[in-house]
Amino acid sequence: MSHRVNEHERRNVVSRLLDLADDERVWLATAIATGLLVYAIYLTTHPYPAYGAGLYLQIAQEISAHGYALPTRIPEYTADGVPFGYPPLMYYVSAVLMDLTGVDPITLSRLLPGFVVVLYLLPFYYLAREVLQTTPRAGFATMLLAVTPPALQWHLSAGGVVRAPAFLFTITGAYTGLKLFQTGNRTWLIPSTVLFGLTILTHPVYTVFFGTTYLVMYACFSRSVSGLMNGAAVAVGGLLLASPWWTQIIATHGIGVFTAASGTHTGIGGGFKRLFGQLVYPLDLDLPLMFFLGSFAGGAYLLAKRRVFLPLWLVSAAFMLGKTRFQFPAGAMMASVFVFEVVVPRVRGWSSRYRGSAPMVVVLVLAILSTAVGGAFAAGMLHSHQGSNSQPAFIDEDDEAAMHWIEDNTKSNADFVVLGDAAEWFPLLTDRAILVGPWGVEWEGHQPYRHHLQLYKSLSRCPGMACLSEGMIENDVNPDYVYVPKGHYTVRGVDTYQQPWMRDSLVDSTRYKLVYENEGAMVFRVTEPLKDVQMPEDGPQIEQ
């Protein structure tokens, strides 16, 4: 009798667990809670935001200063400033938030991206539920997206003030587009068109992802004349909604400003070399590898079952954009399919006694492991980029103190060469110009952008005074001051270490005078005009 009662109770427990496993509220709440946990970990470990958004927030301040009219150029990023050609929506939002609340740019760039990261989990869940057809698979896919390192890297960090909203619009647009192409119901035209317009007004790369997604959905779910017309209506309508921006930019700078910027980063489409890099390069032996392996395994399984939409979506995004973060809307869903259609059935087959609950234990363990990896990534505890810590901050309290000193103690027209990634924030925090830096220069064209990028990287990695002076002389760069980090800093997100002899070589030179120093930064005034003369070798000298 006791055995029967225990068996009955066990079955009741299993039944309740299974009911919970199919409860949409439980899965959605768990996914949102996972996103909030990662957000909280990031805020706790990052008193300063990861990566950079100095130029973005400088644009927002210029918009505010121009009475909310579009500026023509953004000053202080290079000697002459850079043309303003960016889609303006989130710069207007940032300007309004800073003007209404008084929040400072650094705080805004810490708080706003994570809020939007959590927000975009909602439309993604409903998109995943439409594609995967079950609540558990959609919920698990949403949890994976909440902790996927490539998505967190670009959306949770400072630049997420623009990129995270663009991702939100794109994912929501993917949901409305799926409804549009699957049902043919034209009531979905309006939200799809508005969302495409908002994406155009937010970020050009996400605009391409939006368009690529719609092409894949048309190929997989419609392939009809009416579907083609609906897709065209979304494209034309979105362009018209965004026309007050792009027509003004063309009137101010000419259409060449867009063609100049289009090829300065990875460009659109990249052949099999790009595809190989996107699908093979991520397979390094580190913890984020599990996210790629899960999605690729799910993709192989779906192709074997001739369910092509998700694999085609992932491959098209990899081919067109060359950025791994765009693989994971499809990738998170494919990993969920692999878990629920391959892993869970095998666990169920291995365990006859606990056939009701053992599979869900496996799902729970995988969810906890994924969340642990995502949390560690957000906290900067993983090595994710050329051996550097994940989510590095470009500035710290020493940089901020040095920049406040510069603002208070140098002339307003003083020009600087800034070594390291602190340069991205420097004009915003000092109201002083940097002479070398790639940010915003893409609107000038490929050649100026590559020149500034390569010069910035080479100067930032100089080991001593000779290298620094020669680099500036050869490129006709004549700053009033040089800003030099001490100890650990980053160059394009890659961890770098400033050797002590950099300070010694500059202090010993008659060309440079140390005018400010703290534990993390030095400011040198250039006391003599830079000209082409023989320079001593950098580094410690060894007696012969």
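Nothing here was measured: the structure is a model prediction, and the numbers come from that model.
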Atom of [X], atom of [Y] and distance for their closest heavy-atom approach:
| X | Y | answer |
| --- | --- | --- |
| Pro311 | Gly299 | CG-O, 3.8 Å |
| Gly54 | Trp425 | CA-CE3, 3.7 Å |
| Ser460 | Tyr489 | O-OH, 2.6 Å |
| Ala233 | Leu189 | CB-CD2, 4.0 Å |

Item to check | Test side-chain hydrogen bond (donor to acceptor under 3.5 Å, both in side chains) applied to Tyr301 and Glu341, step by step | outcome: CA-CA 9 Å; Tyr301 170 79; Glu341 295 190 24; 2.7 Å; yes

Tell me, do [X] and [Y] make a side-chain contact under 4.5 Å, heavy atoms counted?
| X | Y | result |
| --- | --- | --- |
| Leu201 | Leu241 | no |
| Asp495 | His488 | yes |
| Tyr456 | Val441 | no |
| Tyr175 | Trp188 | yes |
| Tyr126 | Leu28 | yes |

Checklist entry - Should the pair Phe209 and Phe326 be assigned to parallel (<30°), tilted (30 to 60°) or perpendicular (>60°) ring geometry? => result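 Tilted.
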
Next on the checklist: I'd like to know if the side chain of Gln327 reaches the main chain of Arg325, judged simply by a donor and an acceptor atom lying under 3.5 Å from each other, with no hydrogens or angles considered.
Outcome noted: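 Side chain of Gln327 to backbone of Arg325, a donor-acceptor pair under 3.5 Å: no, none is there.
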
Checklist entry - Got a sec: does the CG of Leu369 have more than 12 other heavy atoms crowding it under 6.0 Å? => result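 Yes, enclosed.
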
Next on the checklist: Counting only heavy atoms from other residues, nucleotides and ligands, does the tally under 6.0 Å from CG of Leu240 exceed 12?
Outcome noted: yes

Checklist entry - Between atom CE of Met333 and atom CZ of Phe140, what is the distance when rounded to the nearest 0.5 Å? => result 14.0 Å

